Amino acid sequence: MSETDDSSAVDEITHFRAKRLRQLLYITLVCLNLGLVVIYITAYHLPTLLTLAGCDVMMLYALRSLSSNQVDKAASILLWSIAVGLSIAVMLNSGLRDPAVISFPAILFFAALMCSRREFTLLYVFFCCVTLLIGFTHISGWRNEGYDPVNIPNIVIVLLILTAASYSIRTFSHDLRNALQKLEKGNQKLKDSEEKAQYMAHYDDLTGLPNRTLCQDRFNYQMKLLERHGGQLAFLFIDLDNFKTINDSLGHTVGDQVLLIVAENISKSLRSMDTASRFGGDEFIVLLTEVKHIKDVEKTCNKILDAVNQSILLDSYHIQISASIGIAMAPHDGADFDSYCKKADIAMYKAKADGKNLYRFFDASMNSLSEERFVLIKDLRDALKRQELILFYQPKVDLRSGKLVGAEALIRWQHPERGLMAPGQFIELAEETGLIVEIGDWVLEEACRRCKSWHQAGYVDFEIAVNLSSVQFARGNLTAQVEKALRQSGLEGKYLELELTESLLLGEGENIQSQLNDIKKHGVSFSIDDFGTGYSNLGYLSKYPLDALKIDQSFVRKIHDSKQDLNIIIAIINIAKSLDLTVIAEGIETHENLQQLTQLGCQFGQGFHWAKPQSPEDFLTYVARNIDAK
Ligand SMILES: Nc1nc2c(ncn2[C@@H]2O[C@@H]3COP(=O)(O)O[C@H]4[C@@H](O)[C@H](n5cnc6c(=O)[nH]c(N)nc65)O[C@@H]4COP(=O)(O)O[C@H]3[C@H]2O)c(=O)[nH]1
């Protein structure tokens, strides 16, 4: 039980005491005044009248103390006034034979309930002294005793009764107070856990922001307001860019701190009437209410992007974070919470595909991301987490010696419902949505790790080729990713070959060139995939630090049937020779293909003639059987 629990239980008891004390004070006041009237009319005994009047005044004083929350003081005044008043009354009347003596234990009873232990003891001592004093007045003959005089045993008996009564009252009230406090604490605990459960059902534990449930409630409420009063609401779906990388590389503690900072920054960018909520993982939903102009939404989105897009210093790491925002506008873009989620999510992906750290409004043209596509995107986002992605390996052969020199890593997706999916079915989607960055990072790490394991298994010179997407270059941190993959796996850079596309090299020159140069420093080689299929401008070949050209399989397949394709292959081989590049032929399916390409001077080849891409286990079996692949 915490200190707060204790203090609230005590508060409750104080409140209860004050209530009872007030009642007691009123009753006492009424009784005193009635007594005053009766004595005034019947006996007119002045000392008694003065005593009662004095008590009356003290009661009013106690009531005043009570109104200013001085409960202990009011209780003291009440009990001491009554104790003194009664003692005087007993003294003035029949002494220890007076029936008012029986009120002494009653006063002690109230003292035990209302006052501190010290006050109770003082009152007990006071009554003992009063008893002794009155007893003395009896024995000394000061008082006219009548036919039944009080003697010492009588006084002792009164004192014993007082002591026994005090002890039992004190013990009883102590137990009662304890029991009350325990009950109160139990109640408080129950209240607290109810409040906690309520909080947990509606708020996110980490960031303290409303969770999905509360966000949905607020959205529904806002939609009702829109129905009644008109107006617009902006539904923002915010997703952090590359958060997974931060989480994976720096750990969950740092990841959580990043989320906390981001949540705070998002909240700071909003008005008090807006709702920022955590949807889960690195996703946030923001509801902008009472939207008058689209420009206001744009302004807020820019504010959020600026607030989130910061370099955060955590655990001596400078972490660059940014977010992408998708926006759906209510009431036009849907009917319920789920449809707004979906549309804002689609728009968010568009923002990611357009380069990240951007916001995009949902529009009908985005519906081309059909239902199935949407589901596939969702699945693909989870594929990495659920470890559904696999790398297959296709052997690469030295055509002159027939030796297996390595493999190309080709991704597959073991989809839980659709089965094994080829890259053609999802790579484009991954590129459009930006997911290719995370996937590409994983491919790099996994391929390097696998290649290192082959080395450790005795295939010491095996190389691994990995496909890169142009989107990975656009992110600007590819060098760091390659370094990380090499470092983590322990693979030397010279065993890694990165396959680029022609279109990439025709794109933004400077940025690509510097990244390729940086990666090249680690001994990594570059080849151009599907060479010859796209562009006629070959100027870029000398501009970049390339090592190999891969002849596209469409030429290789028709090498016997089409003079034109044969000529293209010859031309590619000549270009490669003149630029000091090696040539790798893809899609070699037959022995004739192999023979002809070898004769033409092609150095390396891949294709079904040797093996289809296969799982790591099958690949190892294949290697063991065919280490000389001729
Ligand atoms: N008919 C025929 N086909 C052959 C033969 N030999 C190889 N192939 C197929 O040709 C493709 C060669 O890969 P690619 O040109 O890099 O083309 C790859 C590559 O551009 C892309 N891809 C694969 N894995 C990744 C990856 O990890 N990252 C990225 N960004 N792209 C990838 O997907 C493309 C298709 O990959 P796959 O479906 O695995 O298809 C592979 C392979 O299975 C043959 O003799 N006959």
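Because the structure is a prediction, the values reported are computed rather than measured. Start at 1 and go down the list; that is how both ligands and their atoms are numbered.
Contacts with ligand 1 closer than 4.0 Å are made by heavy atoms of both the backbone and the side chain of Asn467. Of all the heavy atoms of Gln553, the ones lying under 4.0 Å from any atom of ligand 1 belong exclusively to the side chain. Contact annotation: for Ile439 versus ligand 1, there are no heavy atoms closer than 4.0 Å.
Looking at Ile411 next to ligand 1, an N or O pair under 3.5 Å apart turns up. Not one N or O of Gln606 is nearer than 3.5 Å to an N or O of ligand 1, by distance alone. Considering backbone and side-chain atoms alike, Val443 places every N or O at 3.5 Å or more from each N or O of ligand 1. Taking distance alone, with nitrogen or oxygen atoms compared against 3.5 Å, Glu589 approaches ligand 1 more closely than that limit. Ligand 1 has no nitrogen or oxygen under 3.5 angstrom from a nitrogen or oxygen of Glu431.
In terms of protein heavy atoms, atom 34 (C) of ligand 1 is closest to Pro423 CG, 4.2 Å. In terms of protein heavy-atom proximity, atom 43 (O) of ligand 1 is closest to Pro613 CG, 3.2 Å. Annotation: atom 18 (C) of ligand 1 to nearest protein heavy atom, Leu410 CD2, 4.1 Å. The shortest contact between atom 6 (N) of ligand 1 and any protein heavy atom is with Gln394 NE2, 2.9 Å. In terms of protein heavy atoms, atom 16 (O) of ligand 1 is closest to Asp529 OD2, 2.7 Å. Of the protein's heavy atoms, Phe608 CE2, 3.2 Å lies nearest to atom 5 (C) of ligand 1. In this structure, atom 12 (C) of ligand 1 lies nearest to the protein heavy atom Glu586 OE2, 3.5 Å.
The Asp530 neighbourhood of ligand 1 comprises atoms 15 (O), with distances under 4.0 Å to a heavy atom of that residue. Atoms of ligand 1 found under 4.0 Å from any heavy atom of Ile588 (numbered from 1 in listed order, with element): 45 (O). Residue contact check: Gly607 has heavy atoms under 4.0 Å from atoms 6 (N), 45 (O) of ligand 1.
Distances from atom 45 (O) of ligand 1 to the protein include at least one heavy-atom value under 4.0 Å.
Contact between Lys396 and Glu497 at its shortest, heavy atoms only, is NZ-OE1, 2.9 Å. Across every non-hydrogen atom of Ala263 and Phe284, the tightest pair is CB-CE2, 4.0 Å. Ile327 approaches Ala347 most closely through the heavy-atom pair N-CB, 3.7 Å. Heavy atoms only, all atoms of each residue included: Leu236 and Ile304 are closest at CD2-CD1, 3.8 Å.
Not a single heavy atom of Gln472 sits closer than 4.0 Å to an atom of ligand 1. Ligand 1 has at least one atom lying under 4.0 Å from a heavy atom of Gly587. Assignment of Glu499 to the shell around ligand 1 is supported, since a heavy atom sits closer than 4.0 Å. The closest approach between a heavy atom of Lys550 and any atom of ligand 1 is not below 4.0 Å.
Asp518 pairs in a side-chain hydrogen bond (donor to acceptor under 3.5 Å, both in side chains) with only one of the listed residues (Gln515, Lys521, Lys520, His522), which is Lys521.
Under a 4.0 Å N-O distance rule, the pair Arg449/Glu445 does not qualify as a salt bridge. Checked for salt-bridge contact, Asp530 and Lys550 miss the test: no charged N lies under 4.0 Å from a carboxylate O.
In this structure, Phe237 CZ and Lys342 NZ are separated by 13.0 Å, a value rounded to the nearest 0.5 Å.
Taking the six-membered ring where the residue is Trp, the centroids of Tyr622 and Trp610 are separated by 6.0 Å or more. If you look at Trp454 and Tyr495, their ring centroids are not closer than 6.0 Å.
Checked by atom type, the side-chain pair Asp338/Gln216 shows no donor-acceptor distance below 3.5 Å.
Classified by interplanar angle (parallel below 30°, tilted 30° to 60°, perpendicular above 60°), the ring pair Phe279/Phe337 is tilted. Using a 30° and 60° split on the angle between ring planes, Phe219 and Phe235 fall in the perpendicular class, above 60°.
With a 6.0 Å cutoff to the six-membered ring centre and a 45° limit on the axis angle, Lys343 does not count as a cation-pi contact of Tyr340.
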